[in-house]
Amino acid sequence: MSRTVISADKLPKLNYPAVVLGNGPSRLRYNIEELMGRCILFGCNRIYQDFDFIGKPFFLGACDPGIYELFINKKEYLEKISLIVPRSHHLLDTYNLSYITYFQNKDWKNTGFAMLQAAMLFGCN
């Protein structure tokens, strides 16, 4: 399977509430378990290490080569979640996975901002 690139106008419109989860200490104030099932979660980078998102409405965004390196031995996990990465990623290409990529001509500078844009492009409220 080759990498799938989906332009923003082709994304399904979800029309559900969304919450963007960073991986900084401020997220510890929230009970993530209570959010699951009530909204679509867009997580950033290392958030996947703290919670079990498999089978939940969840998208994981990553834009840092250091995070991609953490995924090297996580192919089974990546097959079970929706991963959103910038078009310019390369380290994950060896997995032969499908990716949702919506920035056609830009690199990301901040995963949180990119996940907010992704939620808007999916039509979340």
Determine, stepwise, if the pair Ile47 / Asn45 fulfils side-chain contact (heavy atoms from CB on, under 4.5 Å).
CA-CA 6 Å; Ile47 191 88; Asn45 301 317; over 6 Å; no

Minimal heavy-atom distance between Phe71 and Ala62, with the atoms involved, is CE1-CB, 4.2 Å

Restricting to non-hydrogen atoms, name the atom on Asp52 and the atom on Met36 that form the minimum distance, rounded to 0.1 Å.
O-CE, 3.7 Å

List the residues meeting side chain to side chain donor-acceptor pair (under 3.5 Å) with [X], not counting sequence neighbours, and say none if there are none.
X     : value
Asn73 : none
Asp50 : Arg27
Glu34 : Asn31

I need the [X] [atom1] to [Y] [atom2] distance, nearest 0.5 Å.
X     : Y     : atom1 : atom2 : result
Leu83 : Leu60 : CG    : CG    : 5.5 Å
Lys74 : Gln49 : NZ    : CD    : 7.0 Å
Lys56 : Leu41 : NZ    : CG    : 9.5 Å
Ser82 : Ile40 : OG    : CD1   : 10.0 Å

Which residues pass the ring-ring contact (aromatic ring centres under 6.0 Å, His included) test with Tyr77, sequence neighbours left out?
Tyr48

Quick one: list whatever passes ring-ring contact (aromatic ring centres under 6.0 Å, His included) with Phe53, sequence neighbours left out.
Phe51, Phe58

Excluding sequence neighbours, so at least two apart, what forms side chain to side chain contact (heavy atoms under 4.5 Å, CB included) with [X]?
X      : answer
Asn125 : Asn15, Pro17
Cys63  : Pro86, Trp108, Thr111
Arg38  : none

According to ring-ring contact (aromatic ring centres under 6.0 Å, His included), does anything in residues 25-47 pair up with another residue at least two apart or in another chain? List the pairs.
Phe42-Phe59

Does the side-chain contact (heavy atoms from CB on, under 4.5 Å) test come out yes or no for Cys44 and Val20, once each step is laid out?
CA-CA 8 Å; Cys44 301; Val20 176; 4.3 Å; yes

Taking only residues two or more places apart in sequence, or in another chain, which ones meet Asp64 in a salt bridge (Lys or Arg N to Asp or Glu O under 4.0 Å)?
none

